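None of these values were measured; they are calculated from a predicted model.
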Amino acid sequence: MRIAFINPQGNFDNNDSYWTQHPDFGGQLVYVKEVALALGDMGINVDIITRKIVDDNWKGFSKDVEIYHGNPNVRVIRIPFGGYKFLKKEELWPYIANEFVDGIKEFYKKENTKIDAITTHYADGGLTGSILSNIFDVPFTFTAHSLGAQKMDKLGVNGENFIEFEKRYNFSKRIFAERIAMNRAFVNVVSTEQERFEQYSHRFYKGAVDVNDDNKFRVIPPGVNTKVFTYEYSKEDDLTKEYIDKYLLRDIKSDRLNLQYVVLSSRFDKKKNHKGAVLSFAENKKLQEIANLVIVLRNVENPFEDYSNLKGEEKEIMDEIMDIIKKYNLKGKISMFPINGQKQLASAYRVFSKRRSVFCLTALYEPFGLAPIEAMYAGLAAVVTKNGGTLETVDRGKYGVAVDPENIKDISEGLIYALNNFEMFKKIGIERAESKYTWRQTAKGYLDVIEKELEKREKISDYYYRRENEEYLIIKMKGLLGE
Ligand SMILES: O=c1ccn([C@@H]2O[C@H](COP(=O)(O)OP(=O)(O)O[C@H]3O[C@H](CO)[C@@H](O)[C@H](O)[C@H]3O)[C@@H](O)[C@H]2O)c(=O)[nH]1
Ligand SMILES: O=P(O)(O)OC[C@H]1O[C@](O)(CO)[C@@H](O)[C@@H]1O
């Protein structure tokens, strides 16, 4: 069997380049990578179809076809569309339904390969799959990863400022694509029940899909890479400890070094609401007595001296953080330093777990949230937004603390509670991650729903074929009988 994974935005290479260093390189890529490789391990052929990029600032995405992470069953196929320079996901829309679709068609025609099913990721993948599934006459699944409606609500998009936001985010195109994809997909793959019944029932999706139609939804929880995010401390982690201690010594007052820590590690995206977490720390003296704040960065060595390489949204977020540090005189209580890649991030989590620390995600809206599960499995206590899939991940506070990201007091009290109950949350957090979230289970979920759909289509086409045949035979018989 050959399954295509359509993911136009971001990109995929064997170094997992740029992950979280850009809004289009985050959890969705992790998800597609882990499910594709898990299916590959099960003997399924997987083609991850994305964009060909030839750009000196974005190296590693220029090969047309590449075996992925050494798994002979899994390929990355890069189709040129919209030129060769890197484009952020919001700028891909004009080229999706034409150049990208045509390029994929051409690729398979030239290779004379057949695909049996398509999985599509995010609105742009979903639009592509809606068209291709007709061309190839194969079923496709839609996995939103993040729906535009909730992002619009949380960013405060309304009638007055819509045009402003439209210029930057192209929400009209995104919602249109999402509606087409969720309507045409044979199943919408969601990470939690909450995603199905809350996120998909947003008024913007009315009429596109019936959230009460069990045939149109399948809850398939994502996983955690248990090799990378293991809670087992190893020798390499001592090297990470030395790396981190250098920064803590630089940024934290010496008499505070042995306190616990609150760790923020999200991409610098407005939706992740770093500002809310920093403000909750700034406004609570009790919290500052028991913990320091750590903010994981990418590509910035020392923001207290210089972060001029941050642009746009990332610069705005750092400006907000710096304003709060100045206003509340937090120097000596906050450390910010670069972490590169999942391995180093996982190791840093284990180092902070030894310091009885807390992972904090106060996103205004988190569709699912891979990071909290990773942090829990690596041994941190989790404090997460109650808006989105995270509420289900911590099961409403049972496996981690769920807070209202727009209530500064609620965040700080949640952090204090988690810090004071670190051992309990560490233990049950690991158990939760281990029992419920593995990528192999995720891959099995996709395979099961696809195989069931193919069987159904087989039967239907047989039925039509047989019926056509019967009619054909009757006509023939009539002819023979001279009727
Ligand atoms: O230096 C880093 C830091 C983080 N990560 C990874 O980046 C991912 C972040 O994923 P997630 O926490 O899920 O956030 P998003 O990037 O926002 O992911 C989007 O897509 C995910 C997959 O569908 C959903 O879980 C999220 O809710 C959705 O916002 C995690 O796997 C991290 O391990 C890295 O690879 N390198
Ligand atoms: O912020 P948005 O546009 O809702 O999308 C979430 C982004 O994070 C990602 O995980 C990055 O890989 C993608 O799902 C998407 O680009």
Distance only, no hydrogens: is a donor on one side chain within 3.5 Å (strictly under) of an acceptor on the other, for Ser412 and Ser280?
-> no
Report yes if the distance between the aromatic ring centroids of Tyr169 and Phe162 is under 6.0 Å, otherwise no.
-> no
Hey, are Lys89 and Asp124 close enough for a salt bridge, meaning a charged N less than 4.0 Å from a carboxylate O?
-> no
Tyr349 and Ser265: side-chain donor and acceptor closer than 3.5 Å?
-> yes
Parallel, tilted or perpendicular: ring planes of Phe268 versus His274, cut at 30 and 60 degrees = tilted
Should the ring pair Phe217 and Tyr200 be called parallel, tilted or perpendicular, given that the plane angle runs from 0 to 90° and is split at 30 and 60?
-> perpendicular
Can Tyr122 and Arg174 be counted as having a side-chain donor-acceptor contact under 3.5 angstrom?
-> yes
Does Asp237 come within less than 4.0 Å of Lys241, counting only side-chain N to carboxylate O?
-> no
Measure centre to centre between the rings of Phe352 and Tyr261, then say whether the value is under 6.0 Å.
-> yes
Without hydrogens or angle criteria, can the side chains of Thr20 and Arg267 be said to hold a donor-acceptor pair below 3.5 Å?
-> no
Ignoring hydrogens and angles, state whether a donor on the side chain of Glu195 or Gln199 is under 3.5 Å from an acceptor on the partner side chain.
-> no
Check: His145 ring centre within less than 6.0 Å of Phe368 ring centre | no
Indicate whether any N or O donor in one side chain lies under 3.5 Å from an N or O acceptor in the other, for Asn225 and Gln342.
-> no
Lys/Arg cation over aromatic Phe81: Arg51, 6.0 Å, 45° cone = yes
Aromatic ring proximity, centroids under 6.0 angstrom, Trp58 and Phe25 | yes
Would you say the side-chain atoms of Tyr18 and Asn11 include a donor-acceptor pair closer than 3.5 Å?
-> no
Do Arg78 and Glu66 meet the salt-bridge criterion of a basic N to acidic O distance under 4.0 Å?
-> yes
Relative to Phe304, does Lys331 satisfy both conditions: NZ or CZ under 6.0 angstrom from the six-membered ring centre, and within 45 degrees of the ring's axis?
-> yes
Are Lys436 and Thr393 close enough that a side-chain donor and a side-chain acceptor fall under 3.5 Å?
-> no
Taking atom types as modelled and ignoring hydrogens, do the side chains of Glu166 and Ser172 form a donor-acceptor contact shorter than 3.5 angstrom?
-> yes
